[in-house]
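First up is the structure itself, then whatever we jot down about it.
Computed over heavy atoms, backbone and side chain alike; hydrogens, waters and symmetry mates excluded. Counting starts at 1 for both ligands and their atoms, following the listed order. Since this is a predicted model, take the numbers as computed values, not measurements.
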Amino acid sequence: MMGEFDLIKRYFTPAAYPSGVLLGVGDDAAVLDTPPGYRLVAAVDTIVEGVHFPKSSSAYDIGWRALAVNLSDMAAMGAMPRWFTLSLCLPEANDPWLKEFARGLFDLAQAHQVQLVGGDTVKGPVNISIQILGLVENDGWLCRSGAQPGDVLFVSGVPGEAAGGLQVMLQQLELMPAHDVLQKHFLRPEPRVVLGRALRTLASAAMDVSDGVLTDLHKLCVASGYGADLHLECLPVSAELQAVFGTTQAEQLALNGGDDYELLFTVPRERLSQTEAAMAGTGVKCTPIGVMTRDMGVRCLRHGVVVPQTVQGYDHFR
Ligand code: ADP
Ligand code: MG
């Protein structure tokens with residue numbers, strides 16, 4: 001039987017650390033070097049079986065997702081993710097499961113050059129928590145509160161695909177190519193770190209979309225003290241989503257589906273052309289979907305006509 005110590009040593013002790021890690025896994029805490037000219041950016045996100053991912057998810061996908069949702073928070077701040085700690089609560093020390101979990105986790109960690117520097121390992125119902133630490137230049141970071149009336153509202157990628165993918169999984173629909181595309185969006189979100197970095201000095205406000213475009217836009221508006229008009233005819237809705245769910249439900253998923261981990265951000269008009277160029281450089285498709293308004297609240301319009309919407313974003317306690 002593998003004990004806690006062996007488990008940590010076997011799966012979660014990196015062979016070597018980059019220069020910023022003065023002390024990593026194995027001591028009571030990690031010691032990290034923060035370079036002058038930068039601020040430390042910290043966030044934590046927990047994923048729970050049956051709440052954030054279905055029981056049928058593979059260990060690889062769970063490992064990927066646990067880190068991806070945290071990297072997405074760094075992206076939203078325009079920060080460079082650097083280090084993370086991992087709190088693992090598992091019912092048993094299952095070797096094949098841990099091996100796959102670690103593979104998913106470290107594949108994404110390597111892609112973003114983030115380093116595991118510590119954690120905690122306990123027995124209990126599946127619950128995986130990652131704290132992420134990143135750096136951002138002293139002269140500014142992105143946040144939710146900077147949007148001004150007239151700023152153009154953008155969303156990256158195609159929102160709704162992840163929520164569609166989750167439904168495909170839960171309903172155990174027979175797998176067709178379109179289903180596969182959606183499911184992959186749910187299981188392997190691609191955190192928009194590069195886009196966040198490109199937007200750092202250009203966007204006036206930003207956040208990541210975890211609970212649904214409408215709900216999260218509402219949060220951005222409240223933080224900024226203004227409202228927004230969202231033009232439904234501009235909202236990108238993927239062909240796969242429409243193929244599987246039909247046009248109406250696909251639009252609803254794009255508006256209210258969670259788990260996309262795309263970025264929602266606002267750009268002042270005078271910085272639009274510079275921002276278009278910066279976005280093009282990242283290779284991530286971003287679409288203008290609306291404009292910030294002086295009036296509070298989020299309004300949805302289709303070709304100029306107001307379409308009442310019920311916000312259905314995710315809330316754990318509602
Ligand atoms: P402590 O006695 O301080 O509670 P632990 O015995 O829980 O420490 O952990 C020993 C070392 O292993 C610590 O450096 C801790 O950060 C690290 N660690 C524990 N679990 C994990 C994990 N899941 N991933 C990475 N590091 C871990
Ligand atoms: Mg200790």
Side-chain angles (χ1 to χ4, degrees), residues 1-35 38-75 77 79-135 187-191 193 210 259 261:
M1 267 294 275
M2 176 174 47
E4 183 187 319
F5 179 80
D6 295 327
L7 186 161
I8 296 166
K9 196 162 162 36
R10 193 176 304 172
Y11 295 109
F12 302 111
T13 305
Y17 291 106
S19 57
V21 182
L22 306 177
L23 198 55
V25 170
D27 218 297
D28 287 314
V31 181
L32 308 166
D33 194 19
T34 51
Y38 291 85
R39 311 239 193 231
L40 192 61
V41 185
V44 63
D45 250 318
T46 301
I47 62 173
V48 176
E49 185 179 77
V51 178
H52 300 94
F53 57 90
K55 229 180 149 73
S56 61
S57 308
S58 75
Y60 183 99
D61 291 333
I62 296 169
W64 176 287
R65 183 177 192 75
L67 183 58
V69 301
N70 280 279
L71 289 171
S72 179
D73 283 329
M74 292 288 113
M77 305 302 294
M80 300 180 282
R82 277 286 183 271
W83 311 288
F84 67 103
T85 54
L86 167 68
S87 167
L88 258 186
C89 184
L90 298 172
E92 54 171 352
N94 176 324
D95 241 321
W97 192 95
L98 280 160
K99 194 166 172 218
E100 277 303 290
F101 173 85
R103 204 166 63 81
L105 181 79
F106 288 118
D107 274 358
L108 188 62
Q110 208 159 43
H112 287 272
Q113 295 289 299
V114 285
Q115 195 67 46
L116 178 63
V117 296
D120 199 19
T121 306
V122 298
K123 186 172 170 168
V126 179
N127 177 312
I128 298 144
S129 190
I130 286 182
Q131 178 184 53
I132 193 147
L133 298 166
L135 298 171
L187 293 171
R188 307 258 178 95
E190 291 282 350
V193 177
S210 52
D259 298 314
Y261 300 100

Practice problem: Would you check if Pro189 and Arg65 make a side-chain contact, meaning some heavy-atom pair closer than 4.5 Å? | Solution: yes
Quiz item: Are the side chains of Ser87 and Ile128 in touch, meaning some heavy atoms are under 4.5 Å apart?
Solution: no
Practice problem: Under 4.0 Å from a heavy atom of Asp28: give me the atoms of ligand 1 that qualify, with their elements. | Solution: 3 (O)
Quiz item: Do Val31 and Val117 have side chains that get closer than 4.5 Å, going by heavy atoms?
Solution: no
Quiz item: So which of Val117, Thr85, Val25 gets nearest to atom 17 (C) of ligand 1, if we judge by its closest heavy atom?
Solution: Val25
Practice problem: Could you check if a side-chain atom of Phe101 sits within less than 4.5 angstrom of a side-chain atom of Trp64, using non-hydrogen atoms only? | Solution: no
Practice problem: Check Ile8 against ligand 1 and report side chain, backbone, both or neither, counting heavy atoms closer than 4.0 Å. | Solution: side chain
Quiz item: Going by distance only, is there an N or O of Leu116 that falls short of 3.5 Å from an N or O of ligand 1?
Solution: no
Exercise. Report, in ascending order of atom number, the atoms of ligand 1 lying under 4.0 Å from any heavy atom of Thr121.
Key: 19 (C), 20 (N), 21 (C), 22 (C), 23 (N)
Quiz item: For ligand 1, which atoms have a heavy atom of Gly118 less than 4.0 angstrom away?
Solution: 16 (O), 24 (N), 25 (C), 26 (N), 27 (C)
Self-check item: Separation of Thr13 OG1 from Leu7 CG (nearest 0.5 Å)
Solution: 9.5 Å
